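Here is the structure we will look at.
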There are 2 protein chains.
Amino acid sequence: MAIDTATAQQQVLDAADRLFYERGVQAVGMDAIRAASGVSLKRLYQLFPSKDKLIEAYLAGRNRQWEQMLQEHLDAATEPRERILAVFDFLSAWFTQRDFRGCAFINSFGELGAISPRVAELAKQHKAGFRQALTDLAQTAGAADPDQLADHLILLSEGAITTSAISGSPKPAERAREAAVLLMRVSLPT
Amino acid sequence: MAIDTATAQQQVLDAADRLFYERGVQAVGMDAIRAASGVSLKRLYQLFPSKDKLIEAYLAGRNRQWEQMLQEHLDAATEPRERILAVFDFLSAWFTQRDFRGCAFINSFGELGAISPRVAELAKQHKAGFRQALTDLAQTAGAADPDQLADHLILLSEGAITTSAISGSPKPAERAREAAVLLMRVSLPT
DNA sequence: ATCGGGAGAGAACGAGCGTTCTCCCTCGTT
DNA sequence: AACGAGGGAGAACGCTCGTTCTCTCCCGAT
């Protein structure tokens, strides 16, 4: 019974996503992914010719999921300031997910950034994408210096992600939102 | 020629500190530490009976160094608000160190937090220590809600650390400082 | 019915790791 | 001088991992 290529690929990616995120990339062997995906080792290597490529695909998928989740929260608001605050609603929702373990890119960067230039690059790109999104939001909200406000919001967000991951509490999202409100009060025209 | 125990231990810790921080914990083998410390493998295992113990010692040492560096920057100021801002001077100085690779605790947590409860615990403790220090500073500065201000400052700091590590630029320290000034302006009595 | 290609299961391989063991040398004590 | 404890160098061991190979079976084409 041959499973078609597209669904096999999806099963592998699903398993990789779950295991890599849950336990860390280096702690998960290709055989664990084979077992979790139900695909043969041979097929696995046909779909992803090396673990490195699978890691890249995992991170690419994470980036896609992440952007989509963020976008959905942004779409819930129309007023510019509300849209900025929606970023922190997104974080809050993310942190309370049962399997939340921090940012896959920060984690992978800590694990492999020094060893794999590709992983370091993907992490950089992911964060640059977030920065761009926040800059757009700040600009639309009428910030005098959108780059500055965006950078401040990034710091709050990234800080909330790592603090929440390490402490195991979702509270940093609320704190970040509070601080964002205060900063917007100063950085946006009344 | 027998080196005395204390200096041998120090040489091992120095080597472990450099290599673990530079390349990540899992990427560095015990043999690499032996080679870098100039100590025999036998002695190494007499000093640290397992790699786990060595990792613990590495993190404990990092925590000590970190607290000391922070304290030195705090000591450079006496006025309460200046002392809070000194935290960001500390970050700025840290980020511009040639070998800066982010926070050892965040990195180790990303690598091993899901696998080693001890590492997760040490990361938690380190961050709790930082939180305590900031709470004291906020209280001394007269914040109406010292916990809140401390949490906001933590988010900025942690965000700056990871953003600076991934982007490779020290600029997040300046941004964090800017944001801290704005937040203090709102959260501290005039 | 037969043949061939592809897929699955898992053994095999080579490398690297953490840890232990062996062997030999040194050196302080008697 | 003889001896024994201890230390250095590195081989060895057992395990895991990424990757490849072998063998077998199934299934569609002829």
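Remember, predicted model here, so these are calculated numbers, not experimental data. The sequence lines fix the lettering, A, B, ..., with proteins before strands; numbering per chain opens at 1. Because only heavy atoms are used, hydrogens play no part in the values below, and waters and symmetry mates are left out as well, while side chains stay in.
- Per the geometry, CG belonging to L44(A) stands 14 Å off C1' belonging to dG10(C), to the nearest Å.
- Rounded to an integer number of Å, the gap from CD of Q46(B) to P of dG6(D) is 10 Å.
- When rounded to the nearest whole Å, the span between OH of Y45(B) and P of dC17(C) equals 11 Å.
- Smallest separation of non-hydrogen atoms from V119(B) and S108(B): CG1-O, 3.8 Å.
- Ring-plane geometry between F90(B) and W66(B) is classed as perpendicular, the angle between the planes exceeding 60 degrees on a 0 to 90 degree scale with a lower cut at 30.
- Atom CG of D52(A) is separated from atom C1' of dC17(D) by 13 Å (rounded to the nearest Å).
- Against DNA chain C, the stretch residues 17-39 of chain A makes no heavy-atom approach under 4.0 Å.
- Straight-line distance from the NZ atom of K42(B) to the P atom of dT20(C): 13 Å, rounded to whole Å.
- Between R18(A) and D99(A) there is no salt bridge, since no side-chain N of the basic residue sits under 4.0 Å from a carboxylate O of the acidic one.
- Between L41(B) atom CG and dC13(D) atom C1' there is a gap of 13 Å when expressed in whole angstrom units.
- Relative ring orientation between F100(B) and W94(B) is described as perpendicular, the plane-to-plane angle rising above 60° on a 0-90° scale split at 30° and 60°.
- For the pair R43(B) CZ and dT19(C) P, the interatomic distance rounds to 19 Å; values are reported in whole Å.
- Taking the ring axis of Y21(B) as reference, the NZ or CZ atom of R101(B) does not stay both within 45° of it and closer than 6.0 Å to the ring centre.
- The interatomic distance linking E111(B) (CD) with dC17(C) (C1') rounds to 15 Å, in whole Å.
- Checked for salt-bridge contact, E121(B) and R118(B) meet the test: a charged N lies under 4.0 Å from a carboxylate O.
- A close approach under 4.0 Å does occur between a side-chain nitrogen or oxygen of K51(B) and OP1 or OP2 of dG18(C).
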